[in-house]
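In what follows, a structure is listed as structure tokens, so that the remarks can point back to it.
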Amino acid sequence: MSDAKQILYRVRRYDPARDGAPRWQDFTIPRTPGMTVLDGLWTIKQTLDATLAWRASCRMGVCGSCGMLVNGRPRLACNTQVSELGADVVALAPLPNFDIIRDLVPDLAPAFDAHQALMPFIVREDVQERENPTGEFGQSAEELEHYLQFSYCIKCGCCMAACPTYATDPSYSGPMPLAQAHRYNADTRDEGFRNRKETLAGERGPWRCHFAGECSRVCPKGVDPAKAIQLMKRELVLDYLRLRRAHASAPVAPKPKDGKRRPDVPDAPARTV
Amino acid sequence: MLKVQGHPNRLGVRGWAVGGRWGLERYLYTLHRLTGVGLILYLLLHILVTSSRAFGQAAWEAAMGRVSGPVFHAGEYLVFAAFAFHAMNGIRLVLVELGFGVGKPIEPVYPYKTSVDFQRSLAVGSLVLAGVLLVLGTLDFFVLD
Ligand code: SF4
Ligand code: SF4
Ligand code: FES
């Protein structure tokens with residue numbers, strides 16, 4: 001890595017009003033210690049070109065907005081230091097496999113649609129308890145381990161950009177939605193396996209995945225979607241063979257008997273929905 | 001939902017080679033697909049040639065004559081190589097896709113150890129087995145003939 005005072009940002013630009021196709025544009029900016037890829041983008045916007053567009057919010061690897069192709073790999077701009085790239089050029093492009101809205105902004109809507117179609121929430125047959133809960137569903141620490149890793153997903157889309165199957169097959173749900181389907185299937189509070197199976201058994205489901213493993217390699221949160229997908233396939237095969245032992249649904253945990261509310265803690269506000 | 005008309009940016013078949021971190025398993029994925037297509041094409045050719053038997057001995061011998069040159073012999077060797085890889089890697093995929101060797105869900109602590117790392121020994125093992133098959137096949141094709 002050089003200790004030069006400047007760094008070259010090569011950025012993929014696309015303005016739907018002006019450009020017929022994306023193009024590259026170079027910016028040279030000061031290189032500062034500890035600078036992240038996202039810091040550099042702000043510098044460009046503040047000092048060189050105010051029209052440059054990208055998405056970011058939390059700037060700490062939590063919101064999942066700033067996924068982009070950094071020197072050929074899908075990464076979070078805020079979570080990547082320029083120094084760790086070990087290069088004199090930072091090449092930035094929007095995440096592939098999604099349409100480009102503008103510059104570094106991909107249209108992630110297809111991923112969210114696929115995510116939504118797989119019911120990423122706790123499904124309960126007991127509608128009464130679900131809509132008017134009388135308490136929490138109990139769950140042991142061990143049961144939590146079955147899905148906790150997959151629940152760290154921030155929906156950044158990096159895995160979708162790296163997946164070779166998603167690159168050729170838009171009907172495939174992709175690693176992010178599928179990992180989330182397993183996250184809920186594996187949750188003992190959930191009873192939605194049968195509902196999700198409708199989609200999972202079809203061509204949008206996990207059977208298009210052949211463990212290229214790139215999703216897990218690029219995931220900035222260690223979610224390991226490839227693992228979730230393979231574990232889900234096992235459940236689906238066992239279910240098909242009628243050998244799957246569905247987890248018992250977590251019951252409503254009994255209320256603590258002799259707990260007392262502290263006088264300085266106000267009541268919860270009334271329900272609005 | 002807000003609909004926008006963006007510029008298409010899907011990688012297509014290029015995505016089999018680029019877009020990620022160039023891991024071993026991605027190459028195996030790509031090779032598995034290519035060898036799979038090759039084996040299917042061979043199967044079609046095989047059915048075509050052997051079906052000539054239905055049209056009598058002369059047709060069969062003519063068909064066999066057409067596929068007996070050195071080019072087809074080399075082609076057959078490639079088919080065998082494709083088979084050796086596809087079969088051994090396929091066994092790994094069946095195991096992995098049934099959730100064996102990928103590890104249990106864990107607490108992700110940096111640097112992340114993923115399912116890809118967990119099953120790496122399976123991947124290497126399947127390559128070694130494919131290599132052994134290929135060596136045996138090579139002996140059979142070119143030395144023992
Ligand atoms: S699984 Fe990882 S890479 Fe994929 S969307 Fe979630 S956090 Fe991003
Ligand atoms: S493991 Fe499956 S979902 Fe993940 S990148 Fe590979 S093919 Fe795509
Ligand atoms: S800005 Fe939120 S994840 Fe990068």
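Just so it is clear: chains get the letters A, B, ... in the order the sequence lines come, proteins before strands, and each one is counted from 1. None of the values given here were measured: they were computed from a predicted structure.
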- Query: Out of P74(A), P175(A), C219(A), S216(A), which residue meets the side-chain contact (heavy atoms from CB on, under 4.5 Å) rule with C159(A)?
  - Reply: P175(A)

- Task: Please confirm whether the backbone N or O of S171(A) pairs with a side-chain atom of E203(A), one donor and one acceptor, at under 3.5 Å?
- Result: no

- Query: Quick one: what part of L95(A) sits under 4.5 Å from any heavy atom of chain B, side chain, backbone, both or neither?
  - Reply: backbone

- Message: Which atoms of L93(B) are under 4.5 Å from chain A, going by heavy atoms: the side chain, the backbone, both sets, or neither?
- Response: side chain

- Non-hydrogen atoms of chain B under 4.5 Å away: do they reach the side chain of A93(A), the backbone, both or neither? neither

- Task: Examine whether an atom of F211(A) lies under 4.5 Å from a heavy atom of chain B, and if so say whether it belongs to the side chain, the backbone or both; otherwise answer neither.
- Result: both

- Item | Proximity of H182(A) and Y147(A) rings by center, below 6.0 Å | no

- Query: Between P94(A), A226(A), P164(A), which has the largest tally of heavy atom pairs under 4.5 Å with chain B?
  - Reply: P164(A)

- Task: Against chain B, label Y166(A) side chain, backbone, both or neither, depending on which of its atoms sit under 4.5 Å from a heavy atom there.
- Result: both

- Task: Give a yes or no answer on whether the side chain of D224(A) reaches the backbone of S115(B) with a donor-acceptor pair at less than 3.5 Å.
- Result: yes

- Note on the structure: Turns out that what part of N97(A) lies under 4.5 Å from chain B's heavy atoms comes down to both

- Expected output: side-chain H146(A) to main-chain A186(A) donor-acceptor under 3.5 Å: no

- Task: With a 4.5 Å cut-off on heavy-atom pairs, point out which of A212(A), G213(A), A21(A) contacts chain B the most.
- Result: A212(A)

- Message: Less than 4.5 Å to any heavy atom of chain B: does that hold for the side chain of C215(A), its backbone, both, or neither?
- Response: neither

- Heavy-atom side-chain proximity of D99(A) to P106(A) below 4.5 angstrom: no

- Task: Select one option (side chain, backbone, both, neither) describing which atoms of P220(A) are under 4.5 Å from chain B's heavy atoms.
- Result: backbone

- Interchain contact, D19(A) with chain B, by part (heavy-atom threshold 4.5 Å): neither

- Message: Centre-to-centre under 6.0 Å for Y112(B) and Y110(B), is that the case here?
- Response: yes

- Item | Most contacts with chain A, counted as non-hydrogen pairs under 4.5 angstrom, among E25(B), R92(B), E97(B) | E97(B)

- Item | Lys/Arg-Asp/Glu bridge criterion (N-O < 4.0 Å) met for R196(A), E235(A) | no

